[in-house]
There are 2 protein chains.
Amino acid sequence: MSKHRNRHAGLAAKVMSAEEAAALIDNGATIGMSGFTGSGYPKAVPMALAERIEAEHSAGRPFKVKVWTGASTGPELDGALARADGIEFRLPYNSDPIARERINRGQMQYFDLHLSQVAPMAWMGFLGKLDTAVIEISGITEDGKLIPSSSVGNNKTWLEQADKIILELNHWQSEALDGMHDIYYGTALPPNRVPIPLVKPDDRIGQTRFDVDPDKVVAVVETDTPDRNAPFSPPDAVAEAIAGHILDFLGNEVKQGRLPRGLLPLQSGVGNVPNAVMAGLIDAPFDQMTAFTEVIQDGMLDMIEAGKLHMASATAFSLSPEKAAYFNDNAQFFRDKLILRPQEISNHPELVRRLGCIAMNGLIEADIYGNVNSTHVMGSRIQNGIGGSGDFARNGYVSIFMTPSTAKGGKISAIVPMAAHVDHIAQDVQVIVTEQGLADLRGLSPKQRARAIIETCAHPAYRDGLRAYFERAQRDSYGNHAPNVLSEALSWHRRFVETGTMKE
Amino acid sequence: MSKHRNRHAGLAAKVMSAEEAAALIDNGATIGMSGFTGSGYPKAVPMALAERIEAEHSAGRPFKVKVWTGASTGPELDGALARADGIEFRLPYNSDPIARERINRGQMQYFDLHLSQVAPMAWMGFLGKLDTAVIEISGITEDGKLIPSSSVGNNKTWLEQADKIILELNHWQSEALDGMHDIYYGTALPPNRVPIPLVKPDDRIGQTRFDVDPDKVVAVVETDTPDRNAPFSPPDAVAEAIAGHILDFLGNEVKQGRLPRGLLPLQSGVGNVPNAVMAGLIDAPFDQMTAFTEVIQDGMLDMIEAGKLHMASATAFSLSPEKAAYFNDNAQFFRDKLILRPQEISNHPELVRRLGCIAMNGLIEADIYGNVNSTHVMGSRIQNGIGGSGDFARNGYVSIFMTPSTAKGGKISAIVPMAAHVDHIAQDVQVIVTEQGLADLRGLSPKQRARAIIETCAHPAYRDGLRAYFERAQRDSYGNHAPNVLSEALSWHRRFVETGTMKE
């Protein structure tokens, strides 16, 4: 099975087991792994490395590594290494529950950064030296080029920067992936940067395969393992209500002449609210839509099949297991409608601004002035990370944040007096939408925003409390531009931590 | 005197007094004014409008206007109109003390936004309709082109979008300004945006004068009035210590190969700390430096005269009165070393990222995790606004925030447990520097950042308090990623409001 996908003689000679490859990684190493939103991450070597770490620990020897990725990976990588207590430092995004727990216990250092900035910062030398790259690919050509897998992420950069490279050649990935990628090799460090020559989401500006120095490749490990992702979460009534408000908003923007009939390139995350939006867009009167986004999720494939989405550009798939299998069976149909790019390109501020993306992101909480917390539950406990939300929210044409108005069965209000952590400042938040309604905050002063958010977005169970806070704040605040009562601003969070609910 | 500077017959016929011009502005109008950091703002018409508003108010009639500008203006504009209670709504930046007081009493709505985004948002139609433009210029050509004044700001957009235009032709401005500007006419709304073809700070990509439809011009008012700006504030020991740390940092970056010997384009604000940095750069071993920034301040002219700064690109001057007079006397020397551009270009994320600006901005407070508050004193009282700091901090090569470690004679600590408002999230803050020292936060997790900031930047009088908070937070926090004690996080601010000092 090796010959068919590994067509380079020199690299064919480097095939070995995951255990042999993992033995080439040193204690203390910094490893650049592939993987973005649960796709295209290495699956065998991290598991073997975790076993090796556990063995070392059992023998009383220290063994930890620093792990850089594209974004989130899967249980075989973050889960296995975190369970083995093998990760000393992690960047730039994590959604693995075991790793999350370790971070929040203070047992693992986590550096959470804008996904567009990871590769440039690595190139600038700000992150330190990269020892080893472990990259999943879907094939190797005769001339030693690497056919990327189901995510691109930072792989180009890891392959260039690492001293040694371990490749995981995954036979489970569709061979139709070949040709779907667009790997741009025109980036540089200042003062040598030039405009990125992309003006439409479907422009191709690079090559379809990675370059690699075969001499740096120390191992090729063959696998046949599916990407592991969350199952499809069907839209519920709350998600459908949120989606309905967004579709009304977009429809009105078209009517007012502020958006073209095909909208502008969509950016959207993963989950049941985005799924509901995608489902709604299939029936909406918008044609020839495009997506310029991080991830291709189930709903986008549906939109393509329905003839509504002309094409989607992203850096990774994030498909449910059922949809991933469906994609593999129908890859020939989809392959010329999808482009996967490095995340420094999919999320590049220059391109997000130029194309005018419609940014749709989730949140943990928003305060009455429109500042958004996407990451820190109760101001201290990291959920996942900022990911690409900042890349898109600041630079998009219109920045929409969407959430159910409550969480934990109503015990947490998504609208609070003061956000306990801020990821997106009010300037970068133009629209907040919950199942209760949509607040259009464009051009509003802080107090105007507060009235719109409280009356439109907050859950009725919390609305009186927010009104009362805002009234007291206007009376007692130090300044009356964005009035706050310092002794009360975080009291809802305190109450939740102490009593298990934000309700009085 | 009119003929020499106003060489267009049609516009020469529209010369009138400021009072006559102000009478053309209606109650409730939205006015786009020129002006950026105290330069190039209209001086006669706003004063006449303020008198008219006062007269209307005395007669019991309502009269207020909405004012859009480039950034801050002068006492003849924001001061006069705010004193007359004539401003209903203001964007995007203000530093006038009378207007500030009205905003903070809740008597004036203020919408504070990224300076790069004002013109695009106006074009998108997000801000509403612009009725009148009042623009200071330094001349009118035979063919009806407008020679810009000492700032460009959003003038191109206001001239295009307003229904009617009032020009203030200021004879005080140097005639040598003609040719110094670069007005880019290639912007568009998506999906028609293209790369901005600027790859070096001294590239010229536009024309030197504004286009205008002469039929929209309803008045030309002649003035001979200086720009009014703050006097030069000489560096004190604290400013010099901060500058020294920054120069050491930059020197080490060059030594480590992370910055070229001529550095990268500098961005810097105004004040005695930036002045100290500029003064230090004159003696530093960096050659052929450039600036790509918002404002040209005194120190940059000194650097140019010293042969250290090759050129500076900005959108406005912000010179002390002495230096402004000096510039006017020596404009021929400086004119080919300076370029003034629209603020959507001087601050454009695409260009700031491409050029790799070294961003140096001030702050009000930073918290131990590196989140920066640039705008809201005690979380509610607006100081000026975010201005362009977000444009540069997020997109620059390295983002430096600089501040004395205390304010108000030691009663306020610039380093606090939790910022009471956030403008710059920790991801956008790579370096924090006070006179105590410089914390290099690149690649650090939140707890690593906290140790660096407390031990390096905080004033010794507050260091123990911060250490104790951080210790308690690690013990009692809900999550231990970025530990916080919710009941104490804002207690330093509360103490200041209640007792006049953050000290226990």
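In what follows, chains carry the letters A, B, and so on, assigned in the order in which the sequence lines appear, proteins first and then strands, with residues in each chain numbered from 1. Keep in mind that this is a model prediction, so the values were computed, not measured.
No other option in B:Met124, B:Lys200, B:Met378, B:His421 has as many heavy-atom pairs under 4.5 Å with chain A as B:Met124. For chain B, the option among A:Gln474, A:Met108, A:Met121, A:Gln117 with the highest count of heavy-atom pairs below 4.5 Å is A:Gln117. The choice from A:Pro260, A:Ser487, A:Gly128, A:Ser491 that makes the most heavy-atom pairs within less than 4.5 Å of chain B is A:Ser487. Of the listed residues (A:Gly125, A:Pro349, A:Gly356), the greatest number of heavy-atom pairs within a distance under 4.5 Å of chain B belongs to A:Pro349. If you tally non-hydrogen atom pairs under 4.5 Å between each of B:His493, B:Gln427, B:Lys447 and chain A, the highest count goes to B:Gln427. Of the listed residues A:Asn395, A:Leu198, A:Leu444, A:Val398, the one with more heavy-atom pairs under 4.5 angstrom with chain B than any other is A:Leu444. Put simply, of A:His376, A:Glu350, A:His424, A:Arg381, the one with the most heavy-atom pairs under 4.5 Å next to chain B is A:Glu350. Per-residue counts of heavy-atom pairs under 4.5 Å with chain A were compared for B:Asp367, B:Val199, B:Ile382; the largest is that of B:Ile382.
Proximity of A:Pro195 to B:Ile196: side-chain heavy atoms (C-beta onward) are nowhere separated by under 4.5 Å. The closest side-chain heavy-atom distance from B:Ile425 to A:Ile386 is below 4.5 Å. Here the side chains of B:Phe126 and A:Glu253 are in contact, with some heavy-atom distance below 4.5 Å. Residues A:His114 and B:Asp428 are in side-chain contact: their nearest non-hydrogen atoms beyond the backbone lie under 4.5 Å apart. Under the 4.5 Å side-chain criterion, counting only non-hydrogen atoms from C-beta, A:Asn480 is not in contact with B:Arg105.
Of the two parts of B:Asn192, neither the backbone nor the side chain holds a non-hydrogen atom closer than 4.5 Å to a non-hydrogen atom of chain A. For chain B, the nearby parts of A:Ile103 are the backbone and the side chain; heavy atoms of each come within less than 4.5 Å. Contact of A:Asp112 with chain B is made through backbone and side chain together, with heavy-atom distances under 4.5 Å. Heavy-atom distances place the side chain of B:Phe89, and not its backbone, under 4.5 Å from chain A. In this structure, no portion of A:Val485 lies under 4.5 Å from any heavy atom of chain B. Residue contact with chain A, scored on non-hydrogen atoms closer than 4.5 Å, involves the side chain of B:Leu127 exclusively. With a threshold of 4.5 angstrom between heavy atoms, B:Ala188 does not approach chain A through any atom at all. Neither the backbone nor the side chain of B:Val352 comes within less than 4.5 Å of any heavy atom in chain A. Interface residue B:Gln430: only side-chain heavy atoms are found under 4.5 Å from chain A. Of the atoms belonging to A:Ala489, it is side-chain heavy atoms, and not backbone ones, that fall under 4.5 Å from chain B.
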Inset, instruction - Verify side chain to side chain contact (heavy atoms under 4.5 Å, CB included) between B:Met418 and A:Leu490, making sure each step is shown before the conclusion. - result: CA-CA 11 Å; B:Met418 179 185 273; A:Leu490 301 174; 3.8 Å; yes
Inset, instruction - Could you give me the CA-CA distance, side-chain angles and deciding distance for B:Leu486 and A:Val497, then say whether side chain to side chain contact (heavy atoms under 4.5 Å, CB included) is met? - result: CA-CA 9 Å; B:Leu486 292 166; A:Val497 170; 4.0 Å; yes
Inset, instruction - Please assess A:Gln448 against B:Gln109 for the test side chain to side chain contact (heavy atoms under 4.5 Å, CB included), listing each intermediate value before the final yes or no. - result: CA-CA 8 Å; A:Gln448 293 168 334; B:Gln109 303 301 322; 3.7 Å; yes
Inset, instruction - Take B:Phe111 and A:Arg449 through the test side chain to side chain contact (heavy atoms under 4.5 Å, CB included) and record every step on the way to the result. - result: CA-CA 10 Å; B:Phe111 177 46; A:Arg449 291 199 294 269; 4.0 Å; yes
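Between A:His481 and B:Tyr110, the angle of the ring planes lies from 30° to 60°, which puts this pair in the tilted group.
Side-chain atoms of B:Arg394 come within 3.5 Å of backbone N or O of A:Gly390 as a donor-acceptor pair. Under the 3.5 Å distance criterion, the side-chain polar atoms of A:Arg193 are matched with a main-chain donor or acceptor of B:Arg353. Here the side chain of B:Ser380 pairs no donor or acceptor atom with the backbone of A:Pro483 at under 3.5 angstrom.
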